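Each remark here refers to the structure printed beneath this line.
Values in this document were obtained by computation on a predicted structure and should not be read as measured data.
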Amino acid sequence: MSEETRNQEAVEAATQDELDQMVSLKKGDTVKGTIVKLEDNQAVVSIGYKYDGVIPLRELSFDGEEPQVGQEIEARVTSINDNKEQLVLSKRAIDSENAWEKLQQNFDNQDVFEVTVTDVVKGGVVADVGVRGFIPASMVERHFVEDFSDYKGRTLRVKVKELDRENNKVILSQKDVLESEFEANKQKVMSELQEGQEIVGTVQRLTQFGAFVDVGGVDGLVHVSEIAWTHVDKPSDVVSEGQQVKVKVLKVDPEKGKISLSMKAAQPGPWESAAGQFNNGDIVTGVVKRLVNFGAFVEIAPGVEGLVHISQISHKHIGTPQEVLEEGQEVKAKILEMNPAEKRVSLSIKETEEAPAPSPRAERPERSRDRAPREQLNNPNVSLNNEGMSVTLGERFGDKLSKFK
């Protein structure tokens, strides 16, 4: 056998061996290969078959990265025609299948994972998780968001809320993640808070009945009656959202998840301030707050009311305080007794006023000298003076009295 013949047989044997080792392909098979060329919106991939396959760029996904020559990939055979040597592959089909398996695992374990918002659509935002994942507007944040236009490109931490592979439906939720973290932090904060503790918080929300204050990531309620020592009609009259305030912890209820706070309890009380502000004998200006049958209550400082007894209202006698006073009237008063410990102060209005001069007593009219003389009695036995009367009676009855001796 000639050398040429032996070489020919060796080539034929090698070719046959290569053919024997060639991959047998059919539609739906999964193959691995290497990108050897990028052209005409497609990637040419060598998979060890008798001819190369192509992947349209729309079916080539690398999480936003551009494909590179030499890159190894896994793909799915979508069509094959040996007669025309046409082999079409899809990387996205493999990615999608792997994605569904991963999503199912995440759903079963309630895993938290990160996604990037790829688009903002009506009703929410979209993220690429190997398949299209939708995050409804109500599941993006714990709070209401009106405009999501700046969410594109943001990274969110989500859980799989709903999974329906048959209908190609994936619902994700970041709100569930935030709620879980909030509850965990809330329990931690509440376990650390102590009744009577004073802390600084930030006003988050205002309502008609009070203000919600953030104390370490958890909101506590300052009821409207606990905002100030003075009467408050509505919280917005005193505080505003975003304002930092000092509060005192009144009550912590972990079971109900409620924290009761007080702003006024973290401030000196009006009577504490009044202790060094007023003294007995001081003349002060106040406002009549209430009128009662026995007197008037006058506010001499915010939260400090004193009683003006009805007897201390006016120098003249009055039947009711309403005769000389009305609510809202500004008056001057003298402090008769100051007792901050018992939160009591006695006041007098009349002692700030000059007492009126006593009215002169009416003089008895003098007897008229020219008044007609009293009529004289003609009876000689009756006299107007005592002496005369005694003699006349003795003379008149003496003889009769002697009979009884």
Side-chain angles (χ1 to χ4, degrees), residues 136-147 173-274 286-292 296-307 326-328 340 342-344:
S138 61
M139 298 184 187
V140 177
E141 303 286 354
R142 291 184 63 238
H143 57 273
F144 173 74
V145 179
E146 184 174 359
D147 184 10
S173 172
Q174 178 176 247
K175 183 178 180 179
D176 285 5
V177 177
L178 299 178
E179 288 286 4
S180 296
E181 293 177 348
F182 173 79
E183 286 301 322
N185 181 66
K186 182 176 182 178
Q187 293 302 317
K188 179 178 181 294
V189 171
M190 294 184 74
S191 67
E192 295 172 350
L193 285 176
Q194 300 293 326
E195 293 184 8
Q197 180 181 355
E198 292 187 1
I199 50 181
V200 175
T202 304
V203 178
Q204 294 295 313
R205 291 184 295 122
L206 297 177
T207 66
Q208 286 295 324
F209 56 84
F212 287 93
V213 178
D214 183 328
V215 285
V218 180
D219 287 351
L221 174 63
V222 180
H223 191 267
V224 65
S225 63
E226 292 294 334
I227 290 179
W229 288 103
T230 55
H231 174 73
V232 176
D233 287 326
K234 55 183 184 295
S236 57
D237 291 339
V238 182
V239 293
S240 57
E241 292 182 0
Q243 179 181 344
Q244 285 196 330
V245 293
K246 188 176 183 180
V247 294
K248 186 173 185 178
V249 180
L250 299 181
K251 185 178 180 181
V252 180
D253 190 339
E255 291 185 3
K256 295 182 179 180
K258 294 182 178 180
I259 302 172
S260 298
L261 306 172
S262 173
M263 287 172 56
K264 74 178 186 182
Q267 305 166 358
W271 287 95
E272 295 176 70
S273 302
V287 176
V288 178
K289 289 294 184 180
R290 290 177 292 136
L291 295 175
V292 293
F297 287 94
V298 176
E299 186 179 59
I300 60 175
V304 178
E305 290 185 5
L307 173 65
E326 60 183 20
E327 292 182 0
E342 297 182 7
K343 297 182 180 181
R344 180 171 55 84

Of the non-hydrogen atoms in [X] and [Y], which two are nearest, and what is the gap between them?
X      : Y      : value
Val215 : Val189 : O-CG1, 3.5 Å
Lys186 : Val218 : CA-CG2, 3.3 Å
Val252 : Glu195 : N-OE2, 3.7 Å

May I have all residue pairs that pass salt bridge (Lys or Arg N to Asp or Glu O under 4.0 Å) and include part of [range], sequence neighbours excluded?
range            : value
residues 297-307 : Lys289-Glu299, Arg290-Glu305
residues 220-235 : Lys234-Asp237
residues 243-262 : Glu198-Lys246

Leu291 vs Glu327 side-chain heavy atoms within contact, under 4.5 Å:
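Contact flag for Leu291/Glu327 side chains = yes.
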
Sub-4.5 Å side-chain heavy-atom contact between Ile199 and Leu193:
yes

Listed partners of [X] passing side chain to side chain contact (heavy atoms under 4.5 Å, CB included), at least two apart:
X      : answer
Leu206 : Val203, Ala211, Pro235, Ser236, Val239, Glu241
Thr230 : Ala228, Pro302
Glu342 : Asn339, Arg344
Val238 : Ile227, Val232

Kindly compute the distance separating [atom1] ([X]) from [atom2] ([Y]), expressed to the nearest 0.5 Å.
X      : Y      : atom1 : atom2 : result
Gln204 : Leu221 : CD    : CG    : 13.0 Å
Phe212 : Leu261 : CZ    : CG    : 10.5 Å
His143 : Leu178 : NE2   : CG    : 9.0 Å
Glu179 : Met139 : CD    : CE    : 12.0 Å

Please identify each residue that fulfils side chain to side chain donor-acceptor pair (under 3.5 Å) with [X], with sequence neighbours left out.
X      : answer
Glu192 : Lys188
Gln197 : none
Glu141 : Tyr151

Please identify each residue that fulfils salt bridge (Lys or Arg N to Asp or Glu O under 4.0 Å) with Asp219, with sequence neighbours left out.
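Result, salt bridge (Lys or Arg N to Asp or Glu O under 4.0 Å) vs Asp219: none returned.
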
Using a 3.5 Å distance criterion without hydrogens, assess whether the side chain of Asn185 forms a donor-acceptor pair with backbone atoms of Gln187.
no

Show me the donor-acceptor pairs, under 3.5 Å and distance only, between side chains in residues 263-274 and residues at least two apart or in other chains.
from   : atom 1 : to     : atom 2 : distance (Å)
Lys264 : NZ     : Ser225 : O      : 3.2
Glu272 : OE2    : Gly269 : N      : 3.0
Ser273 : OG     : Gly269 : O      : 3.4

Taking side-chain contact (heavy atoms from CB on, under 4.5 Å) as the criterion, tell me which of Val247, Val222, Val249, Leu250 meets it with Ser262.
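Of the listed options, the one satisfying the test is Leu250.
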
